[in-house]
Amino acid sequence: MQEQLRAARLAASQSQPAPMAPMAAPQTSADDMLLPPQASPGQCFARIFIPPSYRTASEQVLKRAASEKVAVVPAKYETATERVLVKAAAERMEVIPATYAWEEEKVLVEPAKTRLVQVPASYETVSEKVLVKPAHTTWKKGTGPIQRIDQGTGEIMCLVEVPAEYRTVSKTVMKTAQATRSEEIPAVYKTVKKQVMVTPPSTRTVEIPAEYRTVKVTKLVTPAREVRTPIPEEYQTVTKQEKVADGKMEWREILCDTNMTNTKVSQIQSALKKSGYNPGPIDGVIGSQTMQAVNSFQKDKNLVVSDYLTINTVNALGVGAR
């Protein structure tokens, strides 16, 4: 860096004319334009390219024109049950057969008749008393004084009547004599069942109802339709850089070997470190690491970024140039 400062100082000294008084009026010739204007003794300048300056401008631009969004709403269906005619109603002739019933009837099997029946004699058993011994009298010994007959002997005899003696015997006697009688034999009937017609055969018309079947069908509830939604135009903010001033070459006061000391460089390095930029060792020497910190500081503070340590940069760091 010091070599660059020396080269710049040498180039400036070679391009300068003979020394002039400090308060001399600025020259207007083309050669004078190559020298720093209104320089004072002890000041060092470097001709630095000032890049063009830009400003950020915002502009509303059409991002998308107004349009229309077309959405197709599909048709809506639903499943329903429906009765479907399978067979139409019809008529048919039907024969009604005759009806029969069972009836009971008495049929004469054998007519009534008369027959002679022999009635045998009837007998009965009767009881009869038969005399065995007729009644009679007999003498029996008596008792009691009234019946005494012989006082001398004291024997009493009584004449006693003995009743007749009978015996019961059974014998069969004819009750009724044998005879004949006339007996009526009733007629003999037999109950038989037979079928008799109740109603004769006939015909009738039978209505055959229609046949239906329940099936599932899909019915259209709402047809498909289009839904058109307007989409308004859309703008966006575009930021662009507009050039304010063109780049130019300009003399800027710098620190060089003439107006810079190790102490001043150390102060600059300390100020850089305090501001958050690493200048490397605080050694009073402007090396590559110190210049990297200087350039970072210049960029962050919107100063001119160059290979020189300008007075504006030194003043921004709070370190006086003198």
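Here the structure is a predicted model, which is why all the values come from computation and not from measurement.
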Engineer: Which atom pair, heavy atoms only, marks the closest approach of Ser127 to Ser170?
Structural biologist: OG-OG, 3.8 Å

Engineer: Give the minimum heavy-atom separation between Gln289 and Asn278, together with the two atoms involved.
Structural biologist: NE2-ND2, 3.3 Å

Engineer: Just by distance, no angles: are the side chains of Thr205 and Glu91 close enough, under 3.5 Å, to form a donor-acceptor pair?
Structural biologist: no

Engineer: Can you give me the closest heavy-atom contact between Gln298 and Val305, atom names plus distance?
Structural biologist: OE1-CA, 3.3 Å

Engineer: Hey, what do you get for OH (Tyr189) to CG (Leu108), rounding to the nearest 0.5 Å?
Structural biologist: 5.0 Å

Engineer: Would Ile282 end up clustered with Met291 when hydrophobic side chains under 4.5 Å apart are linked, directly or stepwise?
Structural biologist: no

Engineer: Please report the shortest heavy-atom distance between Val221 and Tyr77, naming the atom on each side.
Structural biologist: CG2-C, 4.0 Å

Engineer: Let me confirm one number: the NZ-CD distance from Lys129 to Glu165, rounded to the nearest 0.5 Å.
Structural biologist: 12.0 Å

Engineer: Where do Arg92 and Ile208 land on the side chain to side chain contact (heavy atoms under 4.5 Å, CB included) test, with the steps shown first?
Structural biologist: CA-CA 7 Å; Arg92 63 182 173 86; Ile208 302 175; 3.4 Å; yes

Engineer: Determine whether Glu161 and Thr137 satisfy the following criterion, side-chain hydrogen bond (donor to acceptor under 3.5 Å, both in side chains), listing intermediate values before the conclusion.
Structural biologist: CA-CA 4 Å; Glu161 185 177 359; Thr137 59; over 6 Å; no

Engineer: For Thr176 and Ser122, which I'm curious about, is there any donor-acceptor pair between the side chains at under 3.5 Å?
Structural biologist: yes

Engineer: Is it true that Thr290 and Gln269 share a donor-acceptor pair across their side chains at a distance under 3.5 Å?
Structural biologist: yes

Engineer: Does the side-chain hydrogen bond (donor to acceptor under 3.5 Å, both in side chains) test come out yes or no for Thr237 and Ser58, once each step is laid out?
Structural biologist: CA-CA 6 Å; Thr237 302; Ser58 298; over 6 Å; no

Engineer: Identify the two heavy atoms, one from Glu207 and one from Pro209, that lie closest to each other, and give their separation to 0.1 Å.
Structural biologist: O-CD, 3.5 Å

Engineer: Establish, from distance only, whether the side-chain atoms of Thr114 and Ser182 form a donor-acceptor pair under 3.5 Å.
Structural biologist: no

Engineer: Does the Thr99 side chain pair with the main chain of Thr199, one donor and one acceptor, at a distance under 3.5 Å?
Structural biologist: yes

Engineer: I'd like to check Lys190 versus Val192 (side-chain heavy atoms, cut-off strictly below 4.5 Å). Are they in contact?
Structural biologist: yes

Engineer: Quickly, which of Ile268, Val304, Val294, Leu272 forms a side-chain contact (heavy atoms from CB on, under 4.5 Å) with Thr313? Name it, please.
Structural biologist: Val294

Engineer: Show your reasoning for whether side chain to side chain contact (heavy atoms under 4.5 Å, CB included) applies to Lys113 and Glu184.
Structural biologist: CA-CA 6 Å; Lys113 59 185 178 179; Glu184 293 290 334; over 6 Å; no

Engineer: Compare every heavy atom of Val265 with every heavy atom of Val285, then report the nearest pair and how far apart it is.
Structural biologist: N-CG1, 3.6 Å

